[in-house]
Structure formats: structure tokens, C-alpha cells
Amino acid sequence: VTAVRIGLLGCGTVGQAVVRALSDGGAPITRASGHRVEIGPILVRDPDRRRPGVDPSLLTTDVGRILDDPEVAIVVEVMGGIDPALGHLRTALGRGKAVVTANKQLLARHGAELLEQAERSGTELRFEASVCAAIPVIKVLRESLLVAEIEALTGIVNGTTNFVLSEMGRGGLSYADALARAQSLGYAEADPTEDVSGADAAAKLAILASIAFHTRVRLDDVTFEGIERIDRDDMTQAQELGYAVKLLAVARLVDGAVALRVHPALVPQDHRLAAIGGADNAVLVQSRGAGQIMLVGPGAGGTETASAVVADVLSVLGTHRGSFLHNALADAGRPVQPPGESRTPFYVRMHVADRPGVLATVAGVFAEEGLSIESVVQRGQGAGARLVLVLHEGLESCMTAALERLRELPEVSGEPVVLRVLDVAGEGR
Ligand SMILES: NC(=O)c1ccc[n+]([C@@H]2O[C@H](COP(=O)([O-])OP(=O)(O)OC[C@H]3O[C@@H](n4cnc5c(N)ncnc54)[C@H](OP(=O)(O)O)[C@@H]3O)[C@@H](O)[C@H]2O)c1
């Protein structure tokens with residue numbers, strides 16, 4: 001296991017999440033790459049600011065401590081802005097340090113120059129976190145779809161505007177009220193211009209299109225329009241016509257040329273992109289070789305963005321053969337849950353005798369086995385009588401026990417049909 005030192009430029013929302021993710025020597029990185037990472041120094045403006053989980057002795061206002069230190073092999077730039085970030089990255093790359101950045105504005109304006117610099121120095125510039133935070137869209141475009149011949153990509157790449165438009169569509173809010181709500185919930189900045197004007201989406205589209213079409217697309221190449229002029233009326237009209245309103249970032253090949261635009265658009269309500277609500281992001285990739293692939297997820301947030309930053313650090317270091325599959329060191333050795341211990345809600349259908357008291361008997365069996373009924377419907381009559389029940393979340397082993405007893409009941413004929421209900425509330429668990 002060799003140690004690799006990582007210098008950070010910036011320690012705000014994203015930077016602190018990166019430090020947390022890489023604490024303890026970056027155990028996940030070690031398992032996957034065989035390298036141990038050491039964090040620091042960390043460039044900030046105000047070293048006295050409180051930063052939970054960050055060792056204050058690592059903070060510095062002197063960028064030289066990072067750029068001049070030959071031990072620092074990777075520079076993670078999470079400070080934002082063009083100046084002085086651009087100068088720092090030029091220096092870092094020029095000195096052969098690998099760079100991982102989350103800075104879309106910098107990339108969209110100066111990406112080509114920085115990539116050339118990295119090439120000349122024989123190092124790498126990675127920027128997964130600059131577009132759609134946690135969604136691994138750059139890697140998919142660059143590596144996974146290498147030979148798929150991408151024809152078009154259509155994205156909802158700005159969470160703020162998607163939240164505002166979703167609120168306007170759902171709650172009948174005016175643009176101003178929806179924006180105020182987004183601000184109070186932390187989905188919009190105090191100055192939201194960059195987001196609502198479409199500029200943020202344009203920067204992301206320039207980055208995505210460059211990779212998808214193997215062509216240097218700059219920010220100036222992207223025509224963009226924002227959502228500021230959409231009002232409640234447009235929302236109602238669009239809905240009546242069967243559309244949702246979304247801020248779309250579209251790049252497609254037209255007769256061999258790359259066509260680019262960012263603007264609000266009417267999206268048919270049954271289209272996959274119409275279902276992307278709240279602050280989520282999505283990128284729909286259309287390719288000759290792989291059909292349509294859609295990536296969906298959170299497009300912002302500290303831990304989400306840090307997840308992409310750490311993945312880029314791992315890409316720089318390189319995975320150790322097949323990571324845990326080939327590497328005993330990386331085997332976490334977790335136990336596998338016995339199937340009887342899994343919990344879901346259930347749907348049960350069974351044929352029953354058409355006489356009073358049957359429902360009570362069946363309900364009694366479920367109750368005694370620890371399963372509670374959410375709803376029950378009796379269908380049909382005589383020989384066709386059946387009960388359809390939906391049960392609250394319960395243990396698989398309880399259902400197995402209940403079924404054994406139900407089969408024994410003279411009132412129940414044939415084998416009950418049991419289906420598991422997708423537990424939407426528990427999806428995150
Ligand atoms: N937040 C997100 O959800 C998100 C998502 C995707 C991409 N990004 C990108 O990630 C980057 C960082 O975002 P963030 O939300 O973490 O920003 P942030 O909370 O404002 O943090 C910026 C950090 O950089 C430091 N900094 C800024 N200018 C500096 C300067 N001139 N010299 C020294 N230090 C400086 C600040 O120091 P002080 O703490 O001392 O002020 C702060 O620690 C941006 O490029 C952003 O676009 C963010």
C-alpha cells in the first residue's frame with residue numbers, strides 16, 4: 001500500500017464532504033486501488049472558520065503549500081470561480097500533478113486549454129463532479145458508450161430550475177413564489193441568476209457535448225434561454241395540452257454538425273423526462289449502438305458531489321485489478337441476510353368459500369402471525385368468491401407461516417397467490 005497525498009483547493013460544502021469521505025486514509029480508495037490517501041494541505045480564505053471533521057492544522061491561505069509540494073500528487077479543486085482557480089490549475093497541471101475539479105464554469109470556458117496542458121505534462125484532468133453531481137454521466141459518455149455512436153443527448157441538468165418548474169406545475173405557484181420556496185429550502189442560491197438564466201445548464205451542456213461528440217464545444221457555442229418569463233398561465237396551458245414544462249439542455253448531431261441549445265420546452269407528459277421532478281437531474285442519451293439510456297439522480301449537494309470527486313480520484317489512481325472481486329484486502333465480509341428476514345408489504349389473493357365469517361377467520365390468521373391488513377376486497381360470488389388483501393410491511397417468514405395455516409383452512413381453496421408490493425417509502429434503505 002503506497003501513500004498518495006491530495007491537496008485541496010477549497011473546503012466549503014463539497015470540500016468538507018470530500019474530507020469526510022476520505023478520512024481514515026480513504027479506506028474505500030485503499031480497497032479499490034491499493035493506495036492510501038493522505039489529505040492536505042487545504043487552501044481556504046478564512047482558516048478560522050469552523051469546519052466539522054476537518055483538521056484545522058491542514059488549512060492554509062498559501063496555495064504554494066500545495067502547488068510547490070512535490071509530495072502532493074493530486075489536486076482537488078472545489079473552490080469554484082475562474083480566478084484564481086484557473087491559475088492554480090494551470091500551475092498544478094504544469095508541474096505534473098493530476099487535477100480533479102467540480103468547477104463547470106471553469107471547464108466550459110477553459111477546459112480545452114487545461115486538457116492540453118494535462119496532456120503535455122503527461123497527467124490527467126478529471127471533472128465528473130462538474131456535471132450532475134453524483135450521476136456518473138461523464139464516465140458513461142467517455143468510457144461505457146465509447147463505441148455506441150451517440151446521436152443526441154437531452155438533459156435536465158439544473159436542479160434549481162427543475163425544482164421551480166415542478167413546484168409551478170404541481171402547486172400552481174407563480175414563478176416568484178416557486179423561486180422563493182426553492183430559496184427557503186436551499187435549492188436556489190440567494191442570487192439565482194446563473195441557474196434561472198440557463199447559464200449553468202449551458203456550461204454543463206458544453207462539457208457533456210464535448211465528450212459525447214468528441215468535439216471541443218465551448219460555452220460561447222451554446223445558445224441559452226432561461227425560465228424567468230414563464231408564468232402560471234403557461235403552466236396551466238401546457239398541462240391542458242398534455243405537456244410538462246422543463247428546462248432542457250439538448251445536443252444532437254445534425255448532418256455531422258453539433259447542434260446545441262438550452263431552453264424551456266414542452267415535454268409530453270408520458271415522456272420519460274416529464275417524470276423527473278423536484279431538484280433531480282437526468283440525462284437521456286440516444287445512440288445508434290445502445291439505444292436510449294437515461295441516467296437520473298441528484299444533481300447537487302455536498303456528499304453527492306463529493307461522491308463524484310472521490311470516484312475521479314480513484315480513476316486517477318487506477319483500480320487494483322477487479323477491486324474487491326480480485327482482492328482479499330477489499331472483501332468487507334458482510335453477512336447475507338436470510339431470505340425469511342426480508343420485509344415488504346404484500347398483496348394476497350385467495351379463493352374462499354362464500355359464507356359469513358370467512359374474512360374474520362383469514363384476518364385472524366394474519367394477525368396471529370404478526371401481519372396487519374391495510375385493505376381487503378371481496379370479489380365474486382359462490383364458487384368464484386375470492387379475497388384480495390393488501391398487508392402492511394411484514395416479515396417474509398411471517399407470511400410463510402401464515403400461508404401454511406391458510407392452506408389448512410377448509411374455507412380456503414387452492415393455493416393463495418402472494419405478490420410483494422414495491423416498498424416505495426423504503427426505497428432508500
Ligand atoms: N455545492 C454543490 O452542490 C455543487 C455541486 C456541483 C458542483 N459544485 C461546484 O463545486 C465547487 C465548490 O462548491 P461549494 O458549494 O463547495 O462552494 P463553497 O461552499 O462556497 O466553498 C468554496 C470554498 O473555496 C474556498 N475559496 C473560494 N475562493 C477562494 C480563494 N480565492 N482563495 C482561497 N480559498 C477560496 C472557500 O474558502 P472559505 O471557506 O475560507 O470561504 C471555501 O472553502 C464549485 O465550483 C461549484 O460549482 C458544487
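Please read all numbers here as calculations on a predicted model, not as lab measurements. Note that ligands are numbered from 1 as they come in the structure, with each ligand's atoms numbered from 1 the same way.
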Among non-hydrogen protein atoms, atom 19 (O) of ligand 1 lies closest to T13 N, 2.9 Å
Nearest non-hydrogen contact to atom 26 (N) of ligand 1 from the set M79, E189, Q16 belongs to M79
So, do L317 and I74 sit near enough that their side-chain heavy atoms are less than 4.5 Å apart? yes
Under 4.0 Å from one or more heavy atoms of N103, ligand 1 contributes atoms 45 (O)
So salt bridge (charged side-chain N to carboxylate O under 4.0 Å, His left out) across residues 157-178, not counting sequence neighbours, yields E167-R170, E167-R181
Discussion item. Checking the N or O distance criterion of under 3.5 Å, is ligand 1 in contact with G15?
Written reply: no
Check: R90 and E113: salt bridge (charged side-chain N to carboxylate O under 4.0 Å, His left out), yes or no, with the steps?
Finding: CA-CA 9 Å; R90 280 184 182 139; E113 175 211 327; 2.4 Å; yes
Atom 25 (C) of ligand 1: closest protein heavy atom, distance to 0.1 Å, is G10 CA, 3.8 Å
Honestly, for R51 the part within reach of ligand 1 (heavy atoms, under 4.0 Å) is side chain
One finds that the ligand 1 atoms under 4.0 Å from a non-hydrogen atom of C11 are 23 (C), 42 (C), 43 (O)
If you scan protein heavy atoms around atom 45 (O) of ligand 1, the nearest is G80 CA, 3.2 Å
Counting from 1 in the order shown, the ligand 1 atoms closer than 4.0 Å to a non-hydrogen atom of L43 are 33 (C)
Note to self: We want to know whether N103 and T101 form a side-chain donor-acceptor pair, criterion being a heavy-atom distance below 3.5 angstrom.
What the structure shows: no
closest protein heavy atom to atom 39 (O) of ligand 1 is R49 NH1, 2.5 Å
Can an N or O of E77 be found at a distance shorter than 3.5 Å from an N or O of ligand 1?
no
Quick check: does any side chain N or O of K104 sit under 3.5 Å from a backbone N or O of A206, one acting as donor and the other as acceptor? no
Note: ligand 1 atoms sitting under 4.0 Å from heavy atoms of A129 are 6 (C), 7 (C)
One should read off an interatomic distance between D312 CG and S130 OG, to the nearest 0.5 angstrom, of 8.5 Å
K204 side-chain N/O to V157 backbone N/O, donor-acceptor pair under 3.5 Å: yes
among protein heavy atoms, the one nearest atom 5 (C) of ligand 1 is T305 OG1, 3.1 Å
Q) Cut-off 3.5 Å, side chains only: do R20 and Q16 have a donor facing an acceptor? A) no
* **Salt bridge flag under 4.0 Å for residues R5 and E71** => no
Among V78, T101, L9, closest by heavy atom to atom 12 (C) of ligand 1 is V78
Looking only at N/O atoms, are V14 and ligand 1 under 3.5 Å apart anywhere? yes
the protein heavy atom lying closest to atom 37 (O) of ligand 1 turns out to be R45 N, 3.3 Å
The atoms of ligand 1 lying under 4.0 Å from a heavy atom of A300, numbered in the order shown, are 3 (O)
Taking only non-hydrogen atoms of A102 and a 4.0 Å limit, the atoms of ligand 1 in range are 7 (C), 8 (N), 9 (C), 10 (O), 45 (O)
So the ring pair (Phe, Tyr, Trp, His ring centres under 6.0 Å) pairs with at least one residue in residues 178-222 (sequence neighbours excluded) are F163-Y187
Problem - Side-chain ion pair, D68 and R95, N-O less than 4.0 Å - result: yes
Side-chain donor or acceptor of E396 paired with backbone N/O of R343 under 3.5 Å
no
*Is at least one protein non-hydrogen atom found at under 4.0 angstrom from atom 21 (O) of ligand 1?*
yes
When N162, N158, T161 are each screened for side chain to side chain donor-acceptor pair (under 3.5 Å) with D195, the one that passes is N158
_Would P84 count as a contact residue for ligand 1, given that I'm defining contact as a non-hydrogen atom of the residue lying under 4.0 Å from a ligand atom?_
yes
So, does H35 use its side chain to make a donor-acceptor pair with the main chain of S33 at under 3.5 Å? yes
Under 4.0 Å from one or more heavy atoms of D46, ligand 1 contributes atoms 40 (O)
One finds that the ligand 1 atoms under 4.0 Å from a non-hydrogen atom of G301 are 2 (C), 3 (O)
Note: K104, heavy atoms under 4.0 Å from ligand 1, region reported as side chain
